[in-house]
Student: 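This structure is in structure tokens; I'll ask about it shortly.
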Protein chains: 2
Amino acid sequence: MDAFRFYNPTTLYYGKGQIEKHLADEVTKIGKRVLLLYGGGSIKRNGLYDKVVSILQNAGVRLFELSGVEPNPRLSTVHKGIDICRENNVDLILAVGGGSVLDCGKAIAMGVKYDGDVWDIYQRKGKATGALPLGTILTLAATGSEMNSGGVITNWETKEKLGGGSPYTFPVFSFCDPENTYTVPRDQTVYGICDMLAHCFEHYFHPTRHTPLQQHLIEAVMRTIVEHAKTAVENPNDYDARETMMYCSTMALNGMISMGIRGDWACHAIEHEISAIYDIPHGGGLAIVFPHWMEHVKSANPSRFASLAKHVFGVDGGGKTDAELADIAIAQVRAFYQSIGAPQRLADYEIGDEQLERMASQAVRFGEIGNFKKLGKDDVYQILKSAL
Amino acid sequence: MDAFRFYNPTTLYYGKGQIEKHLADEVTKIGKRVLLLYGGGSIKRNGLYDKVVSILQNAGVRLFELSGVEPNPRLSTVHKGIDICRENNVDLILAVGGGSVLDCGKAIAMGVKYDGDVWDIYQRKGKATGALPLGTILTLAATGSEMNSGGVITNWETKEKLGGGSPYTFPVFSFCDPENTYTVPRDQTVYGICDMLAHCFEHYFHPTRHTPLQQHLIEAVMRTIVEHAKTAVENPNDYDARETMMYCSTMALNGMISMGIRGDWACHAIEHEISAIYDIPHGGGLAIVFPHWMEHVKSANPSRFASLAKHVFGVDGGGKTDAELADIAIAQVRAFYQSIGAPQRLADYEIGDEQLERMASQAVRFGEIGNFKKLGKDDVYQILKSAL
């Protein structure tokens, strides 16, 4: 493995009843002026909003609210949040929602302490200099944002979607109660599963030598996702399945299974270009891109794909070459996506070939992408074309 | 899984060259008066002592030293360390060594801030009220103490060996360079491997329902240990194997593979009674106890043992009952211990049946032990007797 530094200070609360027991303490030990950040109002329909407001008001907390955070959270919303925090001397941001709300919270938290436009940080033109404390209550199993320091923001004016973060933007605390995901619609559940599996793929397909434990840990998460995803999609009120998906999503991107690895991340870069233009769900885009990326890069290291077939999908490797097992692995990945009803082609979102050139150019505008195999503009174009 | 809270703020540095790059910064951002704690002098022979002293003196750090920390660290040594820290206004304890030195550092760190005898905390008569910051440089892959808040101290006067800890005793930083384990003697390498595998067993054999990801994560660590241990034992300068063992030992007991699980821990309790009287190596004692404990408890949940056989030792489960697979799993565990030259019986340490009764009584003096299956005094006696 590579030499590494690992640090993750988030206090993680999992399970039923943890919000009731610990939220007020965690908030008030930081402060009493809180920005409550949330999305489209699903937390009002399912009762979580009322529960949180009641707990915090009883603890003497003054709440400021920003709702309407978009599924691909927009820079304009981040700016609004920064203004509210500055004008009201907010002590803590409490982001209640899925990854988009949490990512928006991270951007606001950095922006409040940044002398300039927070977009600089996402454009790699500036570095975060601090952040307001951020707490989260997760309502969607997907991004892992509840226990990492990164997030993705879309600048709708320039059609750019960029990831960014800082050592300051780990949530101070995160509450993950699987019951808060019961009301997540089927499609969103599927996209979340595609997203967490994609994070595993990004780690798993790396060029770092000798990482046996990391390989097995990533396989553990992938295998668990594959074994339990269908139940979560088909029985939305199955506590065990919802809990397993939520826990897999946290572990897939909190750094614990990917220490000392340079992950690939080309598919994320490609998907960001698709959704920056077409505003499609991130998880859906990833499910479309990955099998085509796999076909494009499999020759770089077929044995990795062979391990995927054997250790995640339980394929008997006896008598088969790595190249054969690689094809089986990719077929299994496609079959898994199909089994949970994930989109398969860009056409599923009515995306044609009009913008392929632009997306391919944008994806590599900071240079080649990917670590498992370096991809240039032509590679990205071919992957997108095969995904039409 | 059970509802849980997870928190682990240790900054972990892994790999070659990290001490040279980051130690001075990590120390001096906390303070300039440092207690350097170490064991029997192996770090003087292999050059690590000189390296650390030189780095810290160049950074303007004033060092106070306490050497001679025992393999089962003693309360009397802890008391010495507390006195040195108090008398010299020490800012930070830097523990350089294996788990014993690190555990001693944790006890000193708590003791300095505790108004009373720190032994109270281990006896569950008092609670830690704070701790001096602790940094560590690990030289032995075994206990996981470099990334958790617990430790074990022996009161040699009362022949008691007790585990304890606090939320304050996570190391602030830990440096793990596999090269610092090259000079670990063969026996100590073996004991370390037995210890890390034992931690996995303690997690794996739990009574908590529905923990698929945790099971797979623990299996990932166990499988990696089983696959690479022999190389580390036989080729002490094999960087990859030493790195893998070191990394497995950290991951086996930093809480990341055991969230939401009530582990068993009966074998640790039993082993502590053996080594409290006979002062044998902890890892050696665990290797002796575990197979006999497994025989004693296997009927409580044979399917867990069947999973061990299949997912760690690669046994084909086809056509076999769980009970049959459980027997195969135990045979595989024994064969693994034998393959690395671990002790198999109490007689290997010339321990007879004279103190079985006393050890069994002591093991259950706070009540029944174990969670996978509750054990009383008779159970412990039988396990010890079968291990003679």
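Protein chains get the first letters and strands the later ones, always in sequence-line order, with residue 1 at the start of each. Excluded from the calculations below are hydrogen atoms, water molecules and symmetry mates; all remaining heavy atoms, backbone and side chain alike, are included.
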Student: Please confirm whether the ring centroid of B:H216 lies under 6.0 Å from the ring centroid of A:H311.
Tutor: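 B:H216 vs A:H311: aromatic centres not under 6.0 Å.
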
Student: Check the pair B:M251, A:Q214 against side-chain contact (heavy atoms from CB on, under 4.5 Å), reporting the backbone distance first and the verdict last.
Tutor: CA-CA 10 Å; B:M251 294 299 284; A:Q214 291 91 333; over 6 Å; no

Student: Below 4.5 Å, heavy-atom pairs only: which of B:K16, B:H22, B:R209 has the largest tally toward chain A?
Tutor: B:R209

Student: Give the member of B:R223, B:E219, B:Q215 that has the highest number of heavy-atom pairs under 4.5 Å with chain A.
Tutor: B:R223

Student: Determine whether a donor-acceptor pair (N or O, by modelled atom type, separation under 3.5 Å) exists between the side chain of B:Q18 and the backbone of A:F4.
Tutor: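 Looks like yes, one N/O pair under 3.5 Å.
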
Student: Between B:G15, B:P212, B:P9, who has the most heavy-atom pairs with chain A when the cutoff is under 4.5 Å?
Tutor: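 Going by pairs under 4.5 Å, I would pick B:P212.
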
Student: Give the C-alpha distance, both sets of side-chain angles, the deciding distance and a yes or no for side-chain contact (heavy atoms from CB on, under 4.5 Å) between B:L12 and A:M259.
Tutor: CA-CA 10 Å; B:L12 188 66; A:M259 298 180 199; 4.3 Å; yes

Student: Would the distance check show the side chain of A:E243 and the main-chain N or O of B:M1 forming a donor-acceptor pair, the cut-off being under 3.5 Å?
Tutor: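 Pair found, side chain donor or acceptor close to backbone of B:M1.
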
Student: Check whether any side-chain heavy atom of A:H228 lies under 4.5 Å from a side-chain heavy atom of B:H210, and answer yes or no.
Tutor: yes

Student: Determine the option with the most heavy-atom pairs under 4.5 angstrom with chain A, choosing from B:F175, B:F170, B:F173, B:Y247.
Tutor: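 So the answer, after comparing B:F175, B:F170, B:F173, B:Y247, is B:Y247.
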
Student: Going by side-chain contact (heavy atoms from CB on, under 4.5 Å), name the residues that satisfy it together with B:S249, two or more places apart in sequence or in a different chain.
Tutor: B:A141, B:E146, B:M196

Student: Go through it in stages, so that I can follow the logic: the residues are B:L217 and A:V221, the test is side-chain contact (heavy atoms from CB on, under 4.5 Å), and I'd like the CA-CA distance, side-chain angles, deciding distance and then a yes or no.
Tutor: CA-CA 8 Å; B:L217 291 172; A:V221 182; 4.3 Å; yes

